[in-house]
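Everything on this sheet refers to the single structure shown next.
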Amino acid sequence: MAQDVQQREQWGSKLGFILAAAGSAVGLGNIWRFPYLTGQHGGAAFVCVYVAIVFLIGFSVMVAEMAIGRKAQLNAVGAFQKVKGGAWPLVGWMGVLAGFLILSYYSVIGGWTIKYFFWSFTGLMGQAGAGKAGDVFGGFVTNTPEVIAYHAVFMAMTIWIVYKGVGEGIEKYCKIMMPALFVILIILIIRSVTLEGAGKGIEFYVKPDFSKLTGKAVGAALGQAFFSLSLGMGCMLTYGSYVDKRTPLPSSAIQVCVIDTSVAILAGFAIFPAVFAFGVEAGAGPGLTFVTLPSVFAKMPGSSIWSALFFLLLFFAAITSAISLLEVVSAYFIDSGWTRPRAALVMGILMFLLGIPSAMSLAGAPKIAGKDFLDAMDFIASNVLLPLGGVFIALFVGWVWTAEARKEVSNEGTYTFGLMEVWIWICKILAPLAILYIFITGLKW
Ligand code: TRP
């Protein structure tokens, strides 16, 4: 109703925008998935390919998203409707759906980080020190009421921040949590690399092994880059819609890419030296984070503190990403006339409910075609919806909306983007082909 007269919310500053976007990008993907993928796919060789992909393709799609969002001053669906119409809003719809699916299970894992933070002080270290980290993890994740309760707490905090709005909620909390995350990460790295025997872990992590750099590794790097930079579902588009017209989009996007990639690479330096110093077998994914690491921390003097610091880091990373997922979905409803509190609350509760089967997935909830519910949600969103969204966003800017995109990215001619032609070419050709490749190779259920 008051939609037309109401001014769209905006970021308070360029720094606030960058930290919010970096908060979205830096998430569970950086801390548990990237280091593990790197160790598995050839260390420094993989990092080189990953960095190239981030700055060529990831950066280009990010600028494309931000440009569409800022031009339209609308959510993912509304933006495509406004700037082009036709079938294009379907791209936005896929994004809203992906946000819905991702947050439903992301919040379950976010809940685990809260549990582990407190548990660090109340018994986890004793159990992990006795070699029972795997057993107690298994005990926790099959205790469905407890897992759901923590999932609820995590989702409630996410709703609260989105409910408070763009400046007073998202920006404010990201401005506190992102620097805190960085400080904690540096402290953990210093602790880790100064342990005796840390060298072996550093070697495992960075030693380039080009023979492991297969087509599969390149596909993994592409998929990881996409998920890690929060691309393909209109997240950067929605955040871009709150940017003022003077902020240069390319330099903002570069900064977000640099922060995201640095945190991913640095996380490995916090994890592997410690894992190898204590001769613990490096697990993968959730296992690495919730089983291997508690066993490692338990062996350090002051174990509770190190463990709590790490899970606090993981919590900050997770919640600043979670709010961006809820914001994408809420923004659609807000632009359709709902109030912000209503959109955040109703959508957050629906995602919480959809997350319940994921919360039960390790306790034997029904599977979907042989996959755990949580894995199935992740597969549909990350392997299908995000790459498809990315292809269409790149094609849209490269072929359909090119002249307008140039105008928007150059701030109506007042800002010179030196790589404009390269950017357009990547959106036209390289990004769609590369993403299509991830999509096709990633389609194995
Ligand atoms: N980038 C986050 C991570 O690395 C997850 C995330 C947040 C995301 N928003 C997104 C992924 C949007 C894809 C799209 O964990």
Side-chain angles (χ1 to χ4, degrees), residues 19-38 50 54 58 61-62 64-66 69 75-76 91-92 94-110 112-113 154 158 161-162 170 174 177-178 181 185 220-240 253 256-257 259-267 285-286 289 313-332 351 374 377-393 435 438 442:
L19 289 180
S24 168
V26 173
L28 296 170
N30 299 57
I31 293 169
W32 92 22
R33 203 145 161 268
F34 179 83
Y36 162 72
L37 284 178
T38 301
Y50 180 80
V54 165
V61 175
M62 190 179 288
E65 281 202 26
M66 288 175 176
N75 65 87
V91 179
M94 275 192 328
V96 171
L97 178 63
F100 210 91
L101 299 186
I102 297 175
L103 186 51
S104 75
Y105 69 84
Y106 208 84
S107 166
V108 172
I109 302 168
W112 295 0
T113 67
F154 186 87
T158 307
I161 296 174
V162 170
I170 302 174
C174 287
M177 291 193 222
M178 292 307 290
L181 178 150
L185 186 59
L222 271 162
Q224 171 67 9
F226 242 68
F227 188 82
S228 189
L229 294 169
S230 301
L231 297 176
M233 57 154 281
C235 196
M236 293 299 166
L237 186 158
T238 304
Y239 276 17
V256 175
C257 291
I259 297 174
D260 186 64
T261 307
S262 316
V263 171
I265 295 174
L266 287 173
T289 317
L313 167 86
L314 208 56
F315 168 75
F316 285 160
I319 194 148
T320 52
S321 299
I323 55 185
S324 75
L325 290 160
L326 181 56
E327 178 64 20
V328 170
V329 179
S330 302
Y332 169 73
M351 290 176 189
L374 193 156
M377 292 292 111
D378 183 42
F379 182 90
I380 296 167
S382 312
N383 295 32
V384 181
L385 297 173
L386 297 186
L388 274 185
V391 169
F392 286 119
I393 289 164
I435 305 164
I438 337 177

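Order of appearance sets the numbers: ligands from 1, and atoms from 1 within every ligand. Since the structure is predicted, the reported quantities are computational estimates derived from the model, not experimental observations. All values below were derived from every heavy atom in this structure, side-chain atoms included, with hydrogens, water molecules and symmetry-related copies excluded.
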Q) Given the rule in the side chain to side chain contact (heavy atoms under 4.5 Å, CB included) test, do S107 and M351 qualify, once you have shown the distances and angles that lead to the verdict? A) CA-CA 9 Å; S107 166; M351 290 176 189; over 6 Å; no
Q) Are Y239 and V328 close enough, and set up right, to give a side chain to side chain contact (heavy atoms under 4.5 Å, CB included), and what steps lead you there? A) CA-CA 8 Å; Y239 276 17; V328 170; over 6 Å; no
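The heavy atom nearest to atom 9 (N) of ligand 1, out of those in S230, A317, A318, is found in S230. Looking at W32, Y239, F227, it is F227 that brings a heavy atom closest to atom 1 (N) of ligand 1.
Counting only distance, with no hydrogens or angles, the side chain of N30 and the backbone of G27 share a donor-acceptor pair below 3.5 Å. Between the side chain of S24 and the backbone N or O of S324 there is no donor-acceptor pair closer than 3.5 Å. Between the side chain of E65 and the main chain of G390, no donor-acceptor pair closer than 3.5 Å is present. A side-chain donor-acceptor contact under 3.5 Å links S321 to the backbone of V26. Using a distance-only test at 3.5 Å, with no hydrogens or angles considered, a donor-acceptor pair links the side chain of T320 to the main chain of A317.
Using cut-offs of 30° and 60° on the angle between ring planes, the pair Y106 and F227 is tilted.
Counting heavy atoms closer than 4.0 Å to ligand 1, residue S24 contributes atoms from both its backbone and its side chain.
With respect to atom 15 (O) of ligand 1, the closest heavy atom belonging to the protein is Y106 OH, 2.6 Å.
A distance of 5.5 Å separates OG1 in T113 from CG in L314, rounded to the nearest 0.5 Å.
Atoms of ligand 1 found under 4.0 Å from any heavy atom of A25 (numbered from 1 in listed order, with element): 1 (N), 2 (C), 3 (C), 4 (O). With ligand atoms numbered from 1 in the order given, ligand 1 contributes 2 (C), 7 (C) to contacts under 4.0 Å with heavy atoms of S321. Heavy-atom contacts of S324 reach the following atoms of ligand 1: 7 (C), 9 (N) (cutoff under 4.0 Å). Using a 4.0 Å cut-off to heavy atoms of S228, the atoms of ligand 1 that qualify are 1 (N), 4 (O). Atoms of ligand 1 found under 4.0 Å from any heavy atom of M233 (numbered from 1 in listed order, with element): 12 (C), 14 (C).
In this structure, F226 falls outside the shell of residues with a heavy atom less than 4.0 angstrom from ligand 1.
For ligand 1, none of its N or O atoms has an N or O atom of L386 under 3.5 Å away. Among the atoms of I102, none of the N or O lies under 3.5 angstrom from an N or O of ligand 1. At under 3.5 Å, a nitrogen or oxygen of N30, whether backbone or side chain, sits near a nitrogen or oxygen of ligand 1. For V26, no nitrogen or oxygen atom sits less than 3.5 Å from a nitrogen or oxygen atom of ligand 1, counting backbone and side chain alike. Considering backbone and side-chain N/O atoms, G29 comes within less than 3.5 Å of an N/O atom of ligand 1.
A 4.5 Å side-chain heavy-atom check between F154 and F315 finds at least one atom pair inside the cut-off.
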